[in-house]
Amino acid sequence: MKDEFSDKTINEQDKAMENIRNKLALLPDLPGCYLMKNTDGKIIYVGKAKVLKNRVRSYFTGSHDGKTQRLVADIRDFEYIVTGSNIEALILECNLIKTHQPRYNVLLKDDKTFPYIKITNETHPRLEVTRRVLKDKAKYFGPYPNAYAAQQTKKLLDRMYPLRKCGVMPKEVCLYFHMGQCLAPCEKEVQQSEYDRITHEITSFLSGGHEEIKKELQRKMEEAAEELYFERAKELRDQIMNIDAIMEKQKITTADARDRDVLGFAVDKGWMCVQILYMRQGKMVQRHASAFPFYGEAYSDFMTFVTQYYSDNPALPQEILLPETAKEAESTSESKLDAEGADILDAAGAAASLQEWLGIKVLVPQRGMKRQMVGMAIENAKVSLDEKFRLIERDEERTFKAASNLGQSIGIEHLHRIEAFDNSNIQGTNPVSAMVVFIDGKPDKKEYRKYKVRSVQGPDDYGTMREVIRRRYERVLKENLEMPDLIVVDGGKGQISAAVDVLENELGLFIPVCGLVKDVKHRTAQLMVGDPAEPVNLPRDSQEFYLLQRIQDEVHRFAITFHREQRGKSMVVSKLDSIPGIGEKRRKLLLKHFGSLKKIKEASIDDFRPLSIGDKLAKQIIAALQDEES
C-alpha cells in the first residue's frame with residue numbers, strides 16, 4: 001500500500017515538474033513578481049525580479065543550500081505578474097505578501113507592529129501610545145523598539161506638557177489639573193495658540209531636539225530658585241533628570257542634524273537578523289532588532305523586510321542608509337554579480353526603487369562616517385544573531401540536564417520521554433482529559449492528545465484517570481508505540497494509585513508514575529512518587545522543579561482549552577434544543593448552513609427558506625435566541 005502511495009506521489013511530482021519546465025520556457029525578459037505554489041495551489045512564496053526569466057529559472061537549476069531546498073521541494077507550480085519597472089515590482093511584492101501571508105516569506109505580522117507616540121487631531125489634543133496607524137491627520141512619532149520605551153517617553157511628556165489625559169471629557173477638573181499636568185479644557189477655555197506651542201515643543205522633543213528643551217527647563221529652574229519657588233525648581237530639576245535617563249543610551253553623534261534610519265543585517269544557520277539604528281537630530285536615540293528564518297536570497301529577503309516595514313510607517317526619517325550586498329562588498333570589479341545571481345537586486349538598484357517609492361533619500365554609503373554607521377548596524381545584527389543561538393544552545397543544555405537530574409532524583413537512569421495527564425470538568429459537566437509529551441525536557445506538540453471521558457458520570461477524578469490511562473496505554477500496546485520513561489498525573493496519592501492499578505493489574509505495564517501536588521494558590525508545590533506515594537524533596541529554585549512547573553502548566557493549559565471548546569459546543573446544542581420544533585437533524589443543518597449561533601440570531605426570515613424552514617418557525621428561532629441573550 002505504501003509503495004502505491006509513494007509511486008502516485010512521484011508521478012504527481014514528475015507531472016508538476018514537466019508543467020514547470022514548459023512554463024519556464026515562456027518566461028519574459030521583464031521585471032515583475034512571481035508566486036510559488038504548493039500541491040494544494042496555495043501560495044507559499046512571493047518574490048520580485050528585475051528579469052523574471054533569470055530569477056525564476058534559478059530556483060530549478062543548480063544546487064541550493066538547505067533552507068532554499070526546503071522551499072523548492074514544496075513548489076508544484078508558479079505564476080508571475082509583469083510590472084512596468086523595478087519599483088512597481090517592489091510595491092507589488094509587498095502587497096502580495098500582506099494579502100497571501102506565504103509561509104516561506106519574511107512576514108511583519110499584525111501582532112508585531114511597532115508602537116508609536118501619537119498627538120491626536122482633536123479640538124483638545126491628547127498624547128497616546130498606539131500600534132494602529134490611521135489616516136486621521138494626527139502626528140505620529142516613532143517607531144519605538146518596544147512598548148515600554150514608548151510608555152516611558154509618554155510618561156515623561158505627560159509630566160512636562162499639560163495636555164488632557166482623559167479619553168472622555170469630564171464634567172469637572174481632576175487631579176491632573178491640581179498637579180499642573182492638565183490645562184483643564186473641561187472648565188476653562190484654552191486658546192489654540194497654546195495647543196500649537198505645546199504641540200511644537202513635543203514635536204521638537206520627539207524629533208531629537210531634547211537638548212533645547214533641557215536648556216529651557218534649566219533656565220526656568222534657575223528662575224524659580226532665584227524667586228524662592230523651591231518646589232517648582234525641584235519639579236523642573238526632576239524633569240531634566242528624566243530626560244537624561246530616557247536619552248542616556250545615545251551612542252553616536254554626527255556633524256549634521258538629520259533624522260535617519262541606519263539598517264544592517266546578518267545571516268546564519270538559515271536565520272536573518274535586521275538591525276535598525278534610529279538617528280534623530282544627528283544622535284542615535286534607539287535601536288531595534290528583528291530575527292526570523294528566511295528561505296530566499298539574502299539581500300532580496302532583506303529588502304522585502306524593509307519594504308514591508310516602511311509601507312506602514314507614518315514617521316519616515318529624512319534619510320535611510322542601506323548596506324551593500326555581500327557580493328558587492330567582496331568584489332572590486334565592475335561586474336559585481338555572477339551570471340547565476342545577475343537578476344538579484346543590487347543594493348544601488350534597491351535603494352533607487354525605495355527612494356522613488358517613499359520620496360525620501362535612500363543611500364548605500366561607500367565610505368566615511370555613514371559607511372561606519374552601516375557597519376555598526378551590521379555588527380549589532382551579527383551579535384544579536386550569535387546571542388540568539390547561544391541562548392538556544394544554553395537553554396537546550398539546561399533543559400536536557402534538568403530532565404536528566406529529575407530522572408536521577410526519582411531513580412530513572414535515562415529520562416527521555418515524559419507523558420503528563422490532566423483532567424478538566426466543572427461539577428462533572430463536559431469531563432475531558434488531556435495528555436502532553438516532553439522529550440528531553442522539551443514539549444513535543446505533535447504528540448499531544450485529547451480525550452472525551454466516556455464512562456464517568458459526575459466529578460470523579462480517580463475514575464477519569466483510570467479511563468484515560470487505560471485508553472492511552474491499551475493503544476500504545478496495540479499499535480506498538482513508544483513507551484514513556486515516566487508518567488506524570490495531576491494530583492497526589494489517589495491519582496497515582498488509580499494510574500498504577502490500571503497499568504500494572506490490567507495492562508501488565510510497570511512504568512514509573514509520579515504526581516504533582518498543588519498548594520492553596522494552585523501552584524506546583526510537591527512531587528510525589530511510588531505506590532504508596534512518597535514526597536521527593538526538590539529545591540524550589542532548581543531547574544528540575546522549574547521543568548515540573550512547565551509540564552504541569554502546559555498540560556493544564558491544554559486540558560482547559562479543550563474543555564472550553566467542548567463546553568462552548570454543548571451550550572450551542574442546549575440553546576437550539578430548547579426551541580420547539582428543532583431536533584438533532586435541524587440543529588446540525590442550521591449550524592452547518594450558518595456556521596455559528598451568532599449568525600443564526602442575526603439572520604433574516606428569508607435566510608431560513610433554503611433549509612425548508614417556514615417563516616413561523618424561523619421567527620420562533622430568532623426570538624428564542626434573542627430572548628435568551630437579553
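Heavy atoms only: backbone and side chains are in, while hydrogens, waters and symmetry mates are out.
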Close side-chain approach of Y309 to S290, heavy-atom, < 4.5 Å: no

Set of side-chain contact (heavy atoms from CB on, under 4.5 Å) partners for K445, sequence neighbours left out: Y448, E554

ring-ring contact (aromatic ring centres under 6.0 Å, His included) partners of residues 17-48, not counting sequence neighbours, each pair once: Y34-Y59

Any I202 side-chain heavy atom under 4.5 Å of I117 side chain: no

Residues in side chain to side chain donor-acceptor pair (under 3.5 Å) contact with E447, at least two apart in sequence or another chain: R417

Contacts of D74 that satisfy salt bridge (Lys or Arg N to Asp or Glu O under 4.0 Å) - sequence neighbours left out: R103

Check: V436 and P443 side chains under 4.5 Å, non-hydrogen atoms: no

Salt bridge (Lys or Arg N to Asp or Glu O under 4.0 Å) against K401, all qualifying residues, sequence neighbours excluded: none

Listed partners of I91 passing side-chain contact (heavy atoms from CB on, under 4.5 Å), at least two apart: I87, N95, W357

By side chain to side chain donor-acceptor pair (under 3.5 Å) - contacts of N405 (at least two apart): none

By side-chain contact (heavy atoms from CB on, under 4.5 Å) - contacts of E379 (at least two apart): K382, V383

T399 and D440, any side-chain heavy atoms less than 4.5 Å apart: no

Any residue meeting side chain to side chain donor-acceptor pair (under 3.5 Å) with S311, in chain and number order, not counting sequence neighbours: K98

Residue pair I81 / L96, side-chain heavy-atom distance below 4.5 Å: yes

Residue pairs involving residues 17-35 (criterion salt bridge (Lys or Arg N to Asp or Glu O under 4.0 Å); sequence neighbours excluded): E18-R21, K23-D77, D29-K53

Nearest heavy atoms of P365 and V374, plus distance in Å: CG-CG2, 3.7 Å

Results of side-chain contact (heavy atoms from CB on, under 4.5 Å) for T83 - residues two or more places apart only: P31, E88, A89, L92

Parallel, tilted or perpendicular: ring planes of F305 versus F292, cut at 30 and 60 degrees: parallel

Side chain to side chain donor-acceptor pair (under 3.5 Å) involving N38 - partner list, sequence neighbours excluded: none

Rounded distance (nearest 0.5 Å) linking atom NZ of K370 with atom CD of E319: 3.5 Å

Basic-acidic side-chain contact under 4.0 Å: R55, E297: no

From L163 atom CG to H124 atom NE2, the distance as rounded to the nearest 0.5 Å: 11.5 Å

No-hydrogen, no-angle side-chain donor-acceptor test under 3.5 Å, T120 and E128: no

Beyond-backbone contact of D261 with Y310, side-chain heavy atoms, under 4.5 angstrom: yes

